[in-house]
2 protein chains.
Amino acid sequence: MITKISRNQYLSAFLQYLSHYSSEESERLPSLIELSQELGISVASIREQLEVARIMGLIEVRPRTGIQKLPYNFTKTLMTSVFYALENDKSAFEQISDLRKHLESAYWQEAASKLTDSDVGKLHEIIADAFHKLHRKPPQIPHEEHKRFHLLMYQKLNNPFVTGLLEAYWQAYEAMGLDVYADLQYLEQVWAFHLKTVEAIARGDIESGYKSFADHIDLISRRKQPSRASSFE
Amino acid sequence: MITKISRNQYLSAFLQYLSHYSSEESERLPSLIELSQELGISVASIREQLEVARIMGLIEVRPRTGIQKLPYNFTKTLMTSVFYALENDKSAFEQISDLRKHLESAYWQEAASKLTDSDVGKLHEIIADAFHKLHRKPPQIPHEEHKRFHLLMYQKLNNPFVTGLLEAYWQAYEAMGLDVYADLQYLEQVWAFHLKTVEAIARGDIESGYKSFADHIDLISRRKQPSRASSFE
DNA sequence: ACATATGATTAATCTGATTATTCCGACAAT
DNA sequence: ATTGTCGGAATAATCAGATTAATCATATGT
């Protein structure tokens, strides 16, 4: 085979090979030894590039099963870099949080206007679940609901880069240990805003929905650091 | 040594080691063989993790010089993922471009208000350079100026995640071959907006500066695809 | 002072051996 | 039929070591 795939100077041979590999479902890539022969690179070198693809969430690798291509994923790449940054500078979370606030704010109206009735129904369910958890005795932190609520809000943008950033934010949020933060009064307010927001969306009033949302974001910036020291587990 | 560094389940042993390595300048990490002994992992395995750190722009590796730690860099990580995404779906650039527009818009006022007089001076210089290039015979595309202008605008945010995203956008822009796009009339308009924007900032009128900027962004979305087919080289 | 050659150091690449996982199918027990 | 258990095959995971190539510092020559 003389024809060479056009070189993309930024991608390794394996990543190029992978990007052009037919992603027919349940199909898997050749074994490492075959790949080595096909690409003309030793197994050891391929494994170095393989590790990058794995970290980036582009493949799943298992003995016996081999290498499987996954749909494009922006989140995993972000997570690795973000967790590295947080590892010796926890204050970087403030910057990530700031980015997330601006992103959500900038996209809110477009995202909200694209939500279907079914989406709005799901949002209402999530809110109900959250209040249910909050009013239990003893109360529980509706973190999973909070995350699902926000991610669902921006799902219809259908922009993997935007949603990847938002997902990475929540991963970092959990890694910082903030998902067990338990100021119940604050959480009551948060979910009251969420309810107002969704009700506005439901009656097609994007403008006042945005206002409720903006108040919520405001709330976030006014919140002080939790007293509980956070750590990776 | 019994004490183990606390496990961060998302980071490889090498990335953890690297993140905690004193980043005294000009200092370099132990050689691969020494690292292998220190971490209790074979050289081949360390090299797999090393490759990830290299792709992420966290280290620089050369024979004889060895491994050097670099300051944290978000851009490189983004670029790898973005270029992979673009490799078999050029239309993803629209989504990246959309993300960039929203980000710049959301941060504009904060970024502009943090600019110093010196920054404004540099922006004026860039604008002058750009017009100089545009009015040459034959005219040149002031792409480098365009990129520097926008990145400088957001520099004072001091948020590596935001600036990383913006830098990655420009890298993608160039990779798509758009930096040679030559609608001179369009470019004249662009730089006229830039000039109005900076003049507003210079007299402290952030509000009308934002308006000029918003008009510029508007211009971008109205622009049609360039006829020239783009490709990686 | 400058260019050039030499040597030492380290990463880069490759090969091959061994080990560990995972999956699949066969067979048995319920 | 369903479930569970075991064994074997396929493949990645890990490792060790040899060889090659790149880079830098130093010495040497003009």
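In what follows, chains carry the letters A, B, and so on, assigned in the order in which the sequence lines appear, proteins first and then strands, with residues in each chain numbered from 1.
A search for side chain to side chain donor-acceptor pair (under 3.5 Å) contacts involving Glu125(A) returns nothing, not counting sequence neighbours. Here His132(A) pairs with nothing under the side chain to side chain donor-acceptor pair (under 3.5 Å) rule; sequence neighbours left out. Checked against salt bridge (charged side-chain N to carboxylate O under 4.0 Å, His left out), Glu110(A) has the following partners two or more places apart in sequence or in another chain: Lys114(A). In this structure, Arg148(B) has no salt bridge (charged side-chain N to carboxylate O under 4.0 Å, His left out) partners at least two apart in sequence or on a different chain. For Glu60(B), the salt bridge (charged side-chain N to carboxylate O under 4.0 Å, His left out) partners at least two apart in sequence or on another chain are Arg62(B). For Lys76(B), there are no salt bridge (charged side-chain N to carboxylate O under 4.0 Å, His left out) partners two or more places apart in sequence or in a different chain. Taking His150(B) as the reference, His146(B), Trp170(B), His194(B), His216(B) meet the ring pair (Phe, Tyr, Trp, His ring centres under 6.0 Å) condition, with sequence neighbours excluded.
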Using a cutoff of under 3.5 Å, can you pull out all pairs of nitrogen or oxygen atoms linking the protein to nucleotides 16-19 of chain D, with atom names and distances?
none

Grab the N/O contacts between the protein and nucleotides 7-10 of chain D below 3.5 Å, and write none if there aren't any.
{"unit_1": "dG8(D)", "atom_1": "N2", "unit_2": "Arg64(A)", "atom_2": "NH1", "d": "3.4"}
{"unit_1": "dA9(D)", "atom_1": "N3", "unit_2": "Arg64(A)", "atom_2": "NH1", "d": "2.9"}

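Ring pair Trp191(A)/Phe149(A) is perpendicular by interplanar angle, where above 60° counts as perpendicular and below 30° as parallel.
Distance Ile59(A) CD1 to dA12(D) P: 10 Å, rounded to the nearest Å. Across the protein-nucleic acid pair, Glu60(A) atom CD and dA13(D) atom P stand 12 Å apart, rounded to whole Å. One atom, CD1 of Ile33(A), and another, P of dT14(D), lie 16 Å apart when rounded to the nearest Å. Per the geometry, CD belonging to Gln49(B) stands 10 Å off P belonging to dC15(D), to the nearest Å. Atom pair Leu32(B):CG and dC15(D):P shows a separation of 14 Å (rounding to whole Å applied).
Mapping heavy-atom proximity under 4.0 Å, the span of DNA chain C touched by chain B runs 5' to 3' from dG7(C) to dT13(C).
Residue pairs meeting the side-chain hydrogen bond (donor to acceptor under 3.5 Å, both in side chains) criterion with at least one partner in residues 32-42 of chain A, sequence neighbours excluded, are Tyr17(A)-Glu38(A), Ser31(A)-Glu34(A), Ser42(A)-Ser45(A). Note on residues 150-172 of chain A: pairs passing salt bridge (Lys or Arg N to Asp or Glu O under 4.0 Å), not counting sequence neighbours, are Asp119(A)-Lys156(A).
Nearest-nucleotide positions on DNA chain C for Arg62(A) and Ile67(B) put Ile67(B) closer to the 5' end.
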Carefully, step by step, assess Tyr10(B) and Leu86(A) under the rule side-chain contact (heavy atoms from CB on, under 4.5 Å). CA-CA 11 Å; Tyr10(B) 294 103; Leu86(A) 289 176; over 6 Å; no
